Amino acid sequence: MTSILLSLQRLWAVKRFSSGLKVFIALSGAMVLGWGLGHVSWVIPWFLGIIACALSETDDNVWGRMQAVGVTLVLFFITALGVQWLMPRPLEFVAGLTLGSFCLTMGAAVGERYGTILRATLILAVYTMIGVDQSQVERVWWFEPVMLTLGAAWYGALSVLWCALFSRQPVQQGLAELYRQLSEYLLLKASLFEPSNNKDVDDIRLSLARQNTQVVMAMNQVKESIINRLDSKRAQPTLKRYLTLYFIAQSIHERASSTHYPYHMLAEAFFHSDVLFRCQRLLKSQAYACRQLGRSIRRRETLKDTRHTHAMNDLNTSLAYLHQHRASFDATPLGAVDALAHNLSVLEQELGRAHDPADIEPEADSTLYDRSPQSLRDAWARVREHLTPRSSIFRHALRLTLALVAGYGVVVVTDIALGYWILLTTLFVCLPSYGSTRLKLTERISGTVLGLVVGWASLTLFPSPLIQSGIAVVAGVVFFVYRQSRYMLATGAITLLVVCCFNQVVDGYTVLWPRLIDTVIGSVLTGLAVFLVLPDWQGRRIHQLAADALKHNGGYLRQLIRQYGAGKQDNLAYRLARRNAHNADMALTSALSNIALEPGHFRKDAEACLPLMVTAHTLLNYLSALGAHRDALPAHPHLELLDRASDYLARALEDIATHLLERRPVPTSDEEGQGIEAELKASTQEMQAPYQLVQMELLLICRLLSTVRQQAVTLQQSVSGASVRAA
């Protein structure tokens, strides 16, 4: 019995299970009510309303969720009424479809939360078209809007109740995912510490840059979840505990992403020593500790002390031996290994802090920056900022609108069966980038074929309407569980739901071919739209993303040097600078991943951009090393050189960013930089700890700067969107 309860507890901790259970209750409740009232046909609009409301769900506290549900229901009802009224009037309907789809899609400029609700409203509009078009009997004008809204209201009420009962669960699951992603990052980082001449450092660095994207995304999600639940008027011990774990994860990330010295040079310097193996062993142990910590948070188990005393002692013993024979090693790499060992030691302490965060002294500045709009004026300003063809949101809104209008044109001209499913396909597969849209198109068509085959088999093998109702409910749950991770399976599930539900009202076999044909037509129209209408080729904006990454790295460096002057402070300004640098790095990495999915003649841009992306991530690693060791430096003449060098490097990074952004030729050399690099190199022997570490990292950044310049020039020469403007 105990093992069963433990298994159920672990299952409940899985995000997919808890969200799937909520959808199962909503769908099965609607199905039971429909059967009980003797009106099974009502189940279809209820299901569509439930699905639309579930797609609009955002991460909120109870009061925020109640407000969101209220706004969503009002929007749903007004939209459904508008569609019902306009459908018999084709010209007015086209005007409403054009204006409504464009405005609702532009709502994404306000913020992710509002964009989600408005997109779900657009989905409900198409559901209304499908319901009105497929109605088998004459209904009163308000029937479809009311039924759709009732289904949405039922799920909304369940969502509010769920939020009240399990308000901390999203934060808990987000933190667990964050520590899991940190574990993967640490394991990748550990592979760099193998003293081998055969390892491909650039490939590992590329994998690290991509994994860093996953870590930053998880970190941003946890931050938003905590912000949505913080209440300054009430004591919230559990939430403050989670906030502490979030700050610990930030610290671990900064230390894990640090690079103290080029890895291939460390491998050469300590090829005959076991010190790098000791570092690797400790780092792997810390990765497994992060994974265990995430698992404990997810299952709400007691957090165990995960420190690895033996591995740390072995590393210290190896270091002591190296210092006894220091004459055999260069001082610079030996100092880098000392700094690395210190960093791993503090990382070990951070993991030790995490096992009982309730006893930890709270951060002096625990403010989180809320990026959501603070007023209607602020929201409108954000939308107005994106009302330009240069905005990816504007271009996406235009493409989606034209594709929907074209789909409606096909419906009117051909009078095709179940034609409004063309618009539904377009709505689900049309995404801002060509690469992601291409993947969705393939998965949508494949999933539809899979769902139709399973649907045909279900109708044939299980003719009982009751069994088919159960299959529809299960299929709806599968759709929501896998819609973000395995879209082909999710599409197959929602297609199966449609077939089983329609078979309750009409002959289900008659919807099989129309569903497939409409899906193909919608996919073709969407593909043409993203390819022909202001296509969002990533190469056209890669110079902007590279410029953002370099500019924010410069801002991060400025904050770091202030910390070395005033002492370590994890204040909001510092955390914002660090987060902006990592977010910009994530955007650059994601854009390059999308380029790889574009047509062949655009894909060559990725080859030209890849070196700059790896170099920018390496630069961020050097800055993270400065962040890992920041502390106030005592007054000394060395500080004058370090201040000049850091100020120059920050200016140089921002200057390269400006040249890239304005598409002016990036200078390939700089006399001031050459002088600074020479001074830093000459001071290597005279610098003493703690100044030596800062000097070493600044020298590495200075050397890397020439590579950044050369790769920026290559970017301008090879990528048409980044090319230098004619005078």
Side-chain angles (χ1 to χ4, degrees), residues 182-208 211 251-293 305-352 618 621-622 624-626 628-629 684-685 687-690 692-693 695-697 699-700:
L182 277 173
S183 169
E184 297 298 322
Y185 189 89
L186 287 169
L187 284 173
L188 273 173
K189 197 64 180 279
S191 64
L192 285 169
F193 290 99
E194 188 171 337
S196 170
N197 295 323
N198 296 323
K199 68 175 182 288
D200 194 331
V201 174
D202 284 341
D203 276 356
I204 298 174
R205 280 198 170 282
L206 181 59
S207 299
L208 276 168
Q211 180 58 31
S251 177
I252 291 173
H253 179 230
E254 184 169 54
R255 295 185 178 281
S257 59
S258 301
T259 296
H260 297 81
Y261 203 67
Y263 293 102
H264 67 281
M265 296 178 69
L266 283 179
E268 291 175 5
F270 300 104
F271 187 78
H272 299 289
S273 169
D274 68 347
V275 68
L276 293 185
F277 281 118
R278 301 291 187 188
C279 292
Q280 185 183 61
R281 177 193 173 201
L282 179 58
L283 200 53
K284 283 185 176 180
S285 300
Q286 292 168 341
Y288 297 137
C290 277
R291 184 178 297 173
Q292 180 59 45
L293 184 59
D305 193 343
T306 52
R307 285 171 286 196
H308 303 86
T309 308
H310 293 300
M312 194 71 238
N313 290 339
D314 289 345
L315 175 57
N316 289 331
T317 302
S318 290
L319 277 174
Y321 179 83
L322 291 179
H323 280 281
Q324 289 174 5
H325 302 81
R326 65 170 58 244
S328 304
F329 301 96
D330 290 338
T332 302
L334 186 57
V337 173
D338 282 336
L340 171 62
H342 175 71
N343 190 36
L344 292 175
S345 173
V346 179
L347 201 158
E348 189 76 0
Q349 293 172 22
E350 293 292 336
L351 286 170
T618 303
N621 293 156
Y622 289 151
S624 296
L626 285 171
H629 299 278
T684 299
Q685 300 300 325
M687 284 281 184
Q688 301 295 324
Q692 186 182 40
L693 184 137
Q695 175 266 342
M696 180 173 60
E697 294 298 329
L699 179 58
L700 290 171

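It should be emphasised that the depicted structure is a prediction, and the values quoted were computed from it without experimental measurement. If you read the sequence from its start, that first residue is 1, and numbering goes on from there.
Between atom CD of residue Gln280 and atom CG of residue Leu315 there is a gap of 12.5 Å, rounded to the nearest 0.5 Å. Atom CG of Asn316 sits about 7.0 Å away from atom OG of Ser345, to the nearest 0.5 Å. With rounding to the nearest 0.5 angstrom, the SG atom of Cys279 is 9.5 Å from the CG atom of Asp274.
In this structure, the salt bridge (charged side-chain N to carboxylate O under 4.0 Å, His left out) partners of Asp314, at least two apart in sequence or on a different chain, are Arg278, Arg281. The ring pair (Phe, Tyr, Trp, His ring centres under 6.0 Å) search around Tyr185 returns none, not counting sequence neighbours. When the ring pair (Phe, Tyr, Trp, His ring centres under 6.0 Å) test is applied to His342, the partners found at least two apart in sequence or on another chain are His629. The ring pair (Phe, Tyr, Trp, His ring centres under 6.0 Å) test applied to Tyr288 returns no partner, not counting sequence neighbours. By the side-chain contact (heavy atoms from CB on, under 4.5 Å) test, Ser207 pairs with Leu188, sequence neighbours left out. Under the side-chain contact (heavy atoms from CB on, under 4.5 Å) criterion, Ala269 pairs with Pro333, not counting sequence neighbours.
The heavy-atom pair separating Asn343 from His260 by the smallest distance is ND2-CE1, 3.5 Å. When every heavy atom of Leu351 is checked against every heavy atom of Cys290, the shortest pair comes out as CD2-SG, 3.8 Å. Here the closest heavy-atom approach between residue Tyr263 and residue Leu192 is recorded as CE1-CD1, 3.6 Å. Across Thr259 and Lys189, no two heavy atoms sit closer than the pair OG1-NZ, 4.1 Å. When all heavy atoms of Lys284 and Ala190 are compared, the closest pair comes out as CG-CB, 3.7 Å.
Gln286 contributes a side-chain N or O that, together with a main-chain N or O of Leu344, makes up a donor-acceptor pair within less than 3.5 Å. The backbone N or O of Ala287 sits less than 3.5 Å from a side-chain atom of Ser183, completing a donor-acceptor pair.
No more than 12 heavy atoms of other residues, nucleotides or ligands shown are found within 6.0 angstrom of NE2 on His310.
Counting heavy atoms from C-beta on, the side chains of Arg291 and Leu187 come closer than 4.5 Å.
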